[in-house]
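Ligands are counted one by one from 1 in listed order, and the atoms in each one are counted from 1 as well. Residues take their numbers from the sequence shown, with the count starting at 1. Both backbone and side-chain heavy atoms feed into the values below; hydrogens, waters and symmetry mates do not.
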Amino acid sequence: MNEFAALKKQIPGVRRNVLLKSHTTFHIGGPAKYFFAAKTNAQIVKAVQVARSLKLPFFVLAGGSNVLMPDKGFSGLVIKIQNTKYKVRDTKVWAEAGVPMATLVRETGKRGLQELEWAGGLPGTLGGAVRGNAGAFGGETKDSVVDVEALDHEGRRRKFSRRECQFAYRSSIFKKKGYIILAATMQLRKGNKAKIQAVAKEHMRYRKERHPLEYPSAGSIFKNCDLKETPETIQAQFKDVIKADPFPVIPAAALIVRAKLQGMRVGDAEISEKHPNYIVNRGNATANDVLQLIARVKKEIKNKFSIDLEEEITFPH
Ligand SMILES: Cc1cc2nc3c(=O)[nH]c(=O)nc-3n(C[C@H](O)[C@H](O)[C@H](O)COP(=O)(O)OP(=O)(O)OC[C@H]3O[C@@H](n4cnc5c(N)ncnc54)[C@H](O)[C@@H]3O)c2cc1C
């Protein structure tokens, strides 16, 4: 039996040659050799087991809002996380990894539950947010997480307490070890419904006004720089732009502005004028264009400020 037939037998619904650009907010990425949209935890677990048993490389893709998929595509199985069940009981929310953050913000807001307002306008899923400890407007995913159910390398379903999640700035144990998140429980608080909804809405408005949402992108390309780790001369030079979100940082955007890199372009990939930590796809940008642009920015910032910028986005090989 050939590989595709073996896959189809065990995970019905698997498809061949699916263009990944249609599954990423960057609108970039070649074909996945195989592509499976997993709608339940059981289907996610099964797809991983099958890929492992066939020795097929696999990649977990969710909202596709923090990835740069290669132009050559992915020569294995892409497992698209689409488990979308959730339950709200009193102030606790349990949700599967594939639930969009927009759904959680909306549904908890409606019930007058606060803690997720910071995520107003955040693209992607709960699983993606937990893995990267996504954050904005002073809030982070970790703030409300009680526990997370994930699949480890041995294929065991395990529960991780908040402490065991090892959350850090844009990081977690799931990111470090490549564990697959199935679901998470969050503890929220009762609050004023109108106020909660207004705050989330204001964040959405802010994003529309300040971020280049008119072009495809993957959000911020670089992590902000931990102030403690930057040379003192640079700290002094940037003291007017230091912000505490979630701890004192020099925003990567400020470094890019002062290095005068806004508008820099490789092919159709461009450093946004509107938000300089965004690279936007002005038409038919390739992953290669984006990677070249990232390399140029890193080199300029290193030369000018002796800072090594670190990518926030994921680039599977
Ligand atoms: C316009 C725009 C604005 C953004 N603003 C912000 C912001 O303010 N703050 C911020 O932190 N981020 C921001 N982002 C980035 C992005 O939205 C977040 O990182 C988001 O949490 C990613 O979720 P996702 O479902 O899209 O993940 P994907 O992009 O699909 O995946 C990202 C990574 O997570 C892994 N992954 C996804 N789901 C799982 C899972 N269930 N288990 C294990 N691994 C998984 C993938 O393998 C991949 O490595 C922005 C992006 C865009 C496009």
Enquirer: Relative to the heavy atoms of Ala218, which atoms of ligand 1 are at a distance of less than 4.0 Å?
Expert: 51 (C), 52 (C), 53 (C)
Enquirer: Report yes or no: do Asn41 and Asn83 form a side-chain donor-acceptor pair below 3.5 Å?
Expert: yes
Enquirer: Run the salt bridge (charged side-chain N to carboxylate O under 4.0 Å, His left out) test against Arg111 and tell me which residues pass, sequence neighbours left out.
Expert: Glu107
Enquirer: Applying a 4.0 Å heavy-atom criterion (strictly less than), which segment of Ile181 is in contact with ligand 1: side chain, backbone, both, or neither?
Expert: both
Enquirer: Which protein non-hydrogen atom lies closest to atom 9 (N) of ligand 1, naming both residue and atom, and how far is it?
Expert: Gly135 O, 2.7 Å
Enquirer: Could you tell me if the ring centre of Tyr215 sits under 6.0 Å from that of Tyr278?
Expert: no
Enquirer: Does Lys298 NZ have over 12 foreign heavy atoms under 6.0 Å away?
Expert: yes
Enquirer: Work out whether the distance between some heavy atom of Phe59 and some atom of ligand 1 is less than 4.0 Å.
Expert: yes
Enquirer: Could you name the option among Phe174, Tyr179, Phe315 that has the heavy atom nearest to atom 43 (C) of ligand 1?
Expert: Tyr179
Enquirer: What part of Ala97, side chain, backbone, both or neither, has a heavy atom within less than 4.0 angstrom of ligand 1?
Expert: side chain
Enquirer: Should the pair Asp240-Arg258 be classified as a salt bridge under the 4.0 Å nitrogen-to-oxygen rule?
Expert: yes
Enquirer: Is ligand 1 less than 4.0 angstrom away from at least one heavy atom of Gly132?
Expert: no
